[in-house]
S.K.: 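Structure in structure tokens, see below.
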Amino acid sequence: MSSSGPRFPAQALSWLTGDRTDNRVLTLSNTAGLPRRIAASGNRVWCIGHDPDQVRRLTDVPGVDPLAATTAALPFDACQFDVVLAHQMLHLLTEKPHVSEMARVLRPGGWVSASYLVRDDSVPWVRRLIALMRSVDPTAMSADLGVGSIETLIDHKYFPRCEQRDFRIWVPATRTALIAMAAALPAVAELAERDRQRILHGVGAIYDGASAGGELRLPYHLTCLRAYVDHAEMTTPIQLGEDALIIHL
């Protein structure tokens, strides 16, 4: 609904990476935005992705080493990273191979950082918009429920200590963008023209009523978690190399 979309807050990214600028960070994502920003702050970043073409696009990002690999068998020795970052994808990593691999590659004192950015549907005008869209398509504007997967790391035997922080983000939404979003919904596009115009007029009316002549902003909720590793619970003992780093918090 905005040309720029929600921007990950610098304060949240700093918290997830430990408010440091010299960490070794493994990002489990092949999108360039977060790895680029983490590297720009002075951290050394490795980025794992499943799609070789997308990983290849990261080869020219300064401070980022991209690799095509699976999180079920990370191609690293034990105790290599201070932080493993999973944004918007922890729900894909809750099975044992992924969780144990994240724990294995973390250094003592290291942590998994997980985060989810989802639309905040508690605002009245957003609820009215959702109701209108679902009158056409019951599945329209479904919120990303992956945030619930954060619970899988809380009190996990490999990650017995966790911290959580929440952030709220407001993104400007124009009347034109809001109507364009509704018009692009397949169920709306397939309506007879009269019904289609009725829905789009309803979207415009929701915007006008909520904005009252001012700027309308779409709310998002960012949930962040730091889950600290405990190697003592792993079935295969972790052997620290000579260059292993113990982090004192």
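For the single chain, residues carry numbers from 1 onward in sequence order.
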S.K.: So, R196 side chain and A189 main chain: donor-acceptor pair closer than 3.5 Å or not?
M.R.: no

S.K.: To check you understand the geometry: which heavy-atom pair defines the closest contact between Y228 and G109, and what is its length?
M.R.: CD2-O, 3.9 Å

S.K.: Is any side-chain heavy atom of V229 closer than 4.5 Å to one of W111?
M.R.: no

S.K.: Can you find a heavy atom in the side chain of I169 that is under 4.5 Å from one in the side chain of P219?
M.R.: no

S.K.: What do the steps show when you test F159 against V99 for side chain to side chain contact (heavy atoms under 4.5 Å, CB included), and what is the final call?
M.R.: CA-CA 9 Å; F159 300 97; V99 177; 3.8 Å; yes

S.K.: Let me confirm one number: the CZ-CG distance from R128 to L132, rounded to the nearest 0.5 Å.
M.R.: 11.0 Å

S.K.: Name the residue from P66, P35, P62 that meets the side chain to side chain contact (heavy atoms under 4.5 Å, CB included) definition with V45.
M.R.: P35

S.K.: Within the 4.5 Å heavy-atom criterion, are T27 and L34 side-chain neighbours or not?
M.R.: no

S.K.: Apply ring-ring contact (aromatic ring centres under 6.0 Å, His included) to residues W46 and F81 and explain how you reach the verdict.
M.R.: CA-CA 9 Å; W46 284 257; F81 299 100; 5.4 Å; yes

S.K.: Apply side chain to side chain contact (heavy atoms under 4.5 Å, CB included) to the pair N43 and R24, showing each step before the final yes or no.
M.R.: CA-CA 6 Å; N43 296 290; R24 291 165 62 94; over 6 Å; no

S.K.: Measuring from atom CG of L85 to atom CD1 of I48, what distance do you get when rounded to the nearest 0.5 angstrom?
M.R.: 13.0 Å

S.K.: Can you name the nearest heavy-atom pair linking W125 to A210, along with the distance?
M.R.: CB-CB, 3.5 Å

S.K.: Are side-chain heavy atoms of F8 and L222 found at a separation under 4.5 Å?
M.R.: yes

S.K.: What's the verdict on side chain to side chain contact (heavy atoms under 4.5 Å, CB included) for R7 and R37, showing C-alpha distance, side-chain angles and the deciding distance?
M.R.: CA-CA 12 Å; R7 178 171 172 79; R37 290 177 59 188; 3.5 Å; yes

S.K.: Within a 6.0 Å radius of atom CD on E95, are there more than 12 heavy atoms belonging to other residues, nucleotides or ligands?
M.R.: no

S.K.: Quick one: do V83 and L16 satisfy side chain to side chain contact (heavy atoms under 4.5 Å, CB included)? Show the steps, please.
M.R.: CA-CA 8 Å; V83 181; L16 286 168; over 6 Å; no

S.K.: Test side-chain hydrogen bond (donor to acceptor under 3.5 Å, both in side chains) on D19 and S14; report intermediate values, then the result.
M.R.: CA-CA 5 Å; D19 300 311; S14 178; 2.7 Å; yes

S.K.: If you compare all heavy atoms of T71 against all heavy atoms of L74, which two are closest, and at what distance to 0.1 Å?
M.R.: CA-CD2, 3.7 Å

S.K.: Using the side chain to side chain contact (heavy atoms under 4.5 Å, CB included) definition, which of the options L178, T174, L216 pairs with S211?
M.R.: L216

S.K.: Taking NZ, NE, NH1 and NH2 as the nitrogens, is one of them in D230 or R161 under 4.0 Å from a carboxylate oxygen of the other?
M.R.: no

S.K.: Within the structure provided, determine whether V84 and V105 are in side-chain contact (heavy-atom separation under 4.5 Å).
M.R.: yes

S.K.: Got a second to check how far H221's NE2 is from D121's CG, nearest 0.5 Å?
M.R.: 12.0 Å

S.K.: Assess whether atom CD of Q11 is packed by more than 12 heavy atoms of other residues, nucleotides or ligands within 6.0 Å.
M.R.: no

S.K.: Do R226 side-chain atoms and A114 backbone N/O form a donor-acceptor pair below 3.5 Å?
M.R.: no

S.K.: Does some side-chain heavy atom of L129 sit less than 4.5 Å from a side-chain heavy atom of V203?
M.R.: yes

S.K.: Take R44 and D22, measure what salt bridge (Lys or Arg N to Asp or Glu O under 4.0 Å) needs, and give me the verdict at the end.
M.R.: CA-CA 7 Å; R44 182 75 186 278; D22 59 350; over 6 Å; no

S.K.: Rounded to the nearest 0.5 Å, how far apart are CG of L106 and NE2 of H231?
M.R.: 6.0 Å

S.K.: Name the orientation class of the two ring planes belonging to Y116 and H91 (parallel below 30°, tilted from 30 to 60°, perpendicular beyond 60°).
M.R.: tilted

S.K.: Where do A78 and Q80 come nearest, in terms of heavy atoms and distance?
M.R.: O-NE2, 3.1 Å

S.K.: Going from CZ on R165 to OG on S115, what distance comes out if it is rounded to the nearest 0.5 angstrom?
M.R.: 13.0 Å

S.K.: Salt-bridged, R168 to D166, with N to O below 4.0 Å?
M.R.: no

S.K.: Which atoms form the tightest heavy-atom contact between Y220 and L117, and what is the distance?
M.R.: CB-CD1, 3.8 Å

S.K.: Going by heavy atoms in the side chains, are R119 and I130 under 4.5 Å from each other?
M.R.: yes

S.K.: With a 4.5 Å heavy-atom cut-off, do L28 and M102 have their side chains touching?
M.R.: yes

S.K.: Any ion pair linking D82 and R107 (charged N to carboxylate O, less than 4.0 Å)?
M.R.: yes

S.K.: Find the distance between OG1 (T139) and CE (M133) and round it off to the nearest 0.5 Å.
M.R.: 12.0 Å

S.K.: Quick one: closest heavy-atom pair of A183 and L200, and the distance?
M.R.: N-CD2, 3.7 Å

